[in-house]
Structure formats: C-alpha cells, structure tokens
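Working notes, beginning with the structure itself.
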Amino acid sequence: MSNDIYIIGSGHTRFGRLEETLEDLIVEAAREALEEAQVSASDIDAVFLGHFNSGLVPDGFASSLILQAHPDFRFKPATRCENACASGAAAIHGGINAIRSGAARNVLVVGAEKMTHRSTVEVTQALAGAGYQNNPTEAGLSFPQVFAIAAKQYAKRYGSPMDAMARIAAKNHDNAMKNPLAHMHKPLTYEFCREESERNPLIAPPLRLSDCSLVTDGAAAIVLSAANAEAGDAPARVRVAAAEHVSDFLPMNRRDFVAFEGPARAIRQAYEVAGITVSDLDFAEVHDCFTPAELLIYEAIGLAPEGEGARALEDGTVFADGRTPVNLSGGLKAKGHPVGATGVSMHALGFRQLTGRAGGIQRAGAEWGLAFNMGGAAVANYATILQADRA
C-alpha cells in the first residue's frame, strides 16, 4: 500500500478587513474544507491550527476553536502551531507528520489570523517580536526595516533592485484582480509602484508602500489524508510530493541575509525528494511579504542566477502567461497576509490549481506546483511540492 499523503479538500474565506471573529473565520474555513473533501468530522483523526497571534487577539489558547465547526470534533486531539509567518506551513507539517507516524489517517489543518482591528503600529510591533530580541539593534527593527536592509544589501552587491520590486508589486496586484478571495482588488501600475509619491510614500527607505504586504484578516483550511484512508476514494486529490523544512539562525548578523540560504536549501531539498527540477514547475505561490523577498525567492527557486532575479521579470517567466507564474493569487502583496493563514492559503489554492478549480487564476493543465512559506527574515523555511493526481 502506498504511503503517499494527499490534499483532498480545501476551504478559504475571503481575505480582507472582515467583521468576523477569529473563531468565525476558523469555523468557516474548516467547514468548507470538510464539505469539499466530502469527509465527515468523525473521520478526522486530528486537527492542527496555524496561528501566530503575538497578542493580536486575546485568544491565547485557540487550538480547540476548530472543534466549534462540528460536535463530532469533540475529543479529537487539537494542536496550535506557531512559527512566525510560517505558522500555517508549520501546522501542515504537523498534520503530515501525524499521518507519517501512523498516529492519524485523516487530518484537518486550519490557518487563521485576525489583525485589522489593531492599528498599524500595534501590528508592526506584534510582528517585530518574530525578530531577534537579544541584540538591541535587531530588536529595534520592524520587518519593513529588515527587508529594507535586504534591498540595500542587494543594491550594493548586484545593483539596484528598485525597478524589479516595482514590477513585482504591479504583477501581483494585477493577478489579485482575478482572485475574488484577495484582499485588494485595485490595480497598481508599474509606473505608480516605481515612484515615491504622496499615495506611495516611503515606509522604510528604500521600501515604498507598494513594496509591503497587507495587514489582513482571513482563514484557510485543507484536509490531508493517507492513501489508505479517505484519499483512496476522494473525488479529487493532490499528492504532497515533498514537504521540506529548514530553519536558519535567528540573528541576522550570523548569516548572509541576501544569500537566502535557508529558502534555497529548503526548495532544493524539496526538488530532490519530489524528483523534479525547477523546469517542471507550472506555478509557485511564495512568501512575498515584501517585494525584495519575492525577488530573492526567484533566485532561491532557480528561476534566475544569484543577483539576476530581475531576469525572471524581464523575460516574462513569472507573469500569469509565463513559463512559471509566481503568485497567481496576488500573493501576500495583494491577496493579503493574515499571518497564520498564509501558508495554508498557499496549499489550499495549490490544491485548487491542480484540480482545475482555481477559477479566474487557473493555470491550464498544471501538473506541478510549489508552495514556499517563510517565517521571519528567511529563518523558518517550508517548501512543498504538490503534484496533480488525475488517475
């Protein structure tokens, strides 16, 4: 019997400034995933929640909120996973490992975050807690400032990335226009993103407002299943061909930030496990928390050599009609970044892509997809390769 693991269902709330509570969002996504998978709550063996929180909501013990989705979840083991902005992928890995170990056959994973009721200053401070706190210089940095450092280091080593960053922002906003679940349905032109202006001010020089992801509410969910469990009769399924996790030093001064070694290693390991190369990918959903991050991820994926990530934009590779579209959903930049939900959203939308259910953002005939979810400044790195299953 195959020991493969599959995604067999997905749930996804709209992302945005929402009235729903954290509990409401978790329940909505969970119920949709069960319905899509055609699996009952009683058939789920364990539940995992990806949720960063960091004081954003008073719910300090949120794992069992998933049980509110159905009475049959009562007494199922529920675990909350937190790994900064990669909390969603951490929850997915928790579910995968539970199945691999034999402790579970079917697992529900939900990622959720409620953020927009807090001020920008409060959200910035909460997220900054994911940086290194035992160095006064690093502890004082917001994440826009962290990725501003990346942009400056990249410019010093390879030349200015500002033009490429503007193209990334405009691309992702254009993609989000076709995604009804995205937070922002507002096109931003390359010319607008390229220039500092009253409507596009500097946030952390040289990062402009258009270089920064959105503060967002939302939730996403997937059902994971073993080949000898519900996946065996699932109406649609996508194989988890590889799921790799690499963690790097938290202090930025202990590593070459711009080299993005953690992301590159996680992605390379995932290719090796799945038995593919970058040329096999039909799409990628990646962690563009700030536009310099997406540029560096192009190089980590292998779409361009180090220092030449802009080539993937110039030759059209990463655009919706290119060879390897990146962030067809709009990415964190325009779809939104409800922290705990982000990694689960990537996998939920990857499932929909590979089962032909992605609507206006569908990549026709997609066979292979990459989800890359990152926590902190390339510290927690999760790379998943998903394969269509059309048997």
Side-chain angles (χ1 to χ4, degrees), residues 131 137-138 141-175 188-197 199-213 248-249 252-268 278-279 281 284 286-327 331-334 370 372 374 376-379 381:
T137 300
E138 292 194 29
L141 293 172
S142 67
F143 269 93
Q145 290 171 326
V146 167
F147 281 89
I149 291 171
K152 291 174 183 175
Q153 289 182 354
Y154 195 97
K156 184 176 181 180
R157 189 174 304 177
Y158 302 119
S160 175
M162 300 304 292
D163 184 78
M165 289 159 52
R167 292 184 188 278
I168 288 167
K171 169 183 71 71
N172 289 351
H173 276 270
D174 187 55
N175 288 347
L188 296 184
T189 66
Y190 157 67
E191 291 76 16
F192 173 85
C193 296
R194 184 180 58 184
E195 300 297 331
E196 177 193 349
S197 65
R199 292 175 54 227
N200 191 27
L202 288 174
I203 299 300
L207 266 60
R208 302 147 297 207
L209 180 63
S210 59
D211 294 307
C212 305
S213 59
D248 207 342
F249 292 122
M252 293 170 62
N253 62 16
R254 291 203 63 184
R255 53 198 166 90
D256 181 352
F257 185 16
V258 174
F260 252 39
E261 293 171 277
R265 182 179 289 262
I267 293 166
R268 184 170 62 250
V278 63
S279 63
L281 290 180
V286 308
H287 200 94
D288 60 319
C289 47
F290 300 91
T291 55
E294 181 166 325
L295 181 65
L296 289 165
I297 292 168
Y298 294 163
E299 299 170 17
I301 288 175
L303 294 173
E306 286 186 16
E308 299 181 35
R311 281 173 40 181
L313 294 154
E314 293 162 0
D315 64 16
T317 295
V318 296
F319 285 84
D321 58 355
R323 179 172 58 83
T324 313
V326 174
N327 286 334
L332 287 61
K333 178 66 203 70
L370 166 70
F372 175 70
M374 178 176 73
V379 175
N381 306 283

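Excluded from the calculations below are hydrogen atoms, water molecules and symmetry mates; all remaining heavy atoms, backbone and side chain alike, are included. Fair warning: this is a prediction, and the values are worked out from it, not measured in the lab.
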Are side-chain N/O atoms of Tyr158 and Glu299 paired as donor and acceptor at under 3.5 Å?
-> no
Which residues share a ring-ring contact (aromatic ring centres under 6.0 Å, His included) with His287, sequence neighbours left out | His337
Please identify each residue that fulfils salt bridge (Lys or Arg N to Asp or Glu O under 4.0 Å) with Asp211, with sequence neighbours left out.
-> Arg208
Could you walk me through whether Arg157 and Asp256 pass the salt bridge (Lys or Arg N to Asp or Glu O under 4.0 Å) test, one step at a time?
-> CA-CA 12 Å; Arg157 189 174 304 177; Asp256 181 352; 3.0 Å; yes
How many angstroms lie between atom [atom1] of [X] and atom [atom2] of [Y], to the nearest 0.5 angstrom?
X	Y	atom1	atom2	answer
Asn327	Glu294	CG	CD	5.0 Å
Thr317	Leu281	OG1	CG	12.0 Å
Leu313	Tyr298	CG	OH	4.5 Å
Asn200	Cys212	CG	SG	9.0 Å
Asp163	Glu314	CG	CD	7.5 Å
Ile168	Phe290	CD1	CZ	13.5 Å

Between Phe147 and Phe257, what is the ring plane arrangement, given parallel below 30°, perpendicular above 60°, and tilted in between?
-> perpendicular
Taking the side chain as everything from C-beta on, heavy atoms only, tell me whether [X] gets closer than 4.5 Å to [Y].
X	Y	answer
Thr324	Ile301	no
Leu303	Val326	yes
Arg311	Pro305	yes

Polar side-chain atom of Glu138 near backbone of Met252 as donor-acceptor pair, under 3.5 Å = yes
Does atom CZ of Arg265 have more than 12 heavy-atom neighbours from other groups under 6.0 Å away?
-> no
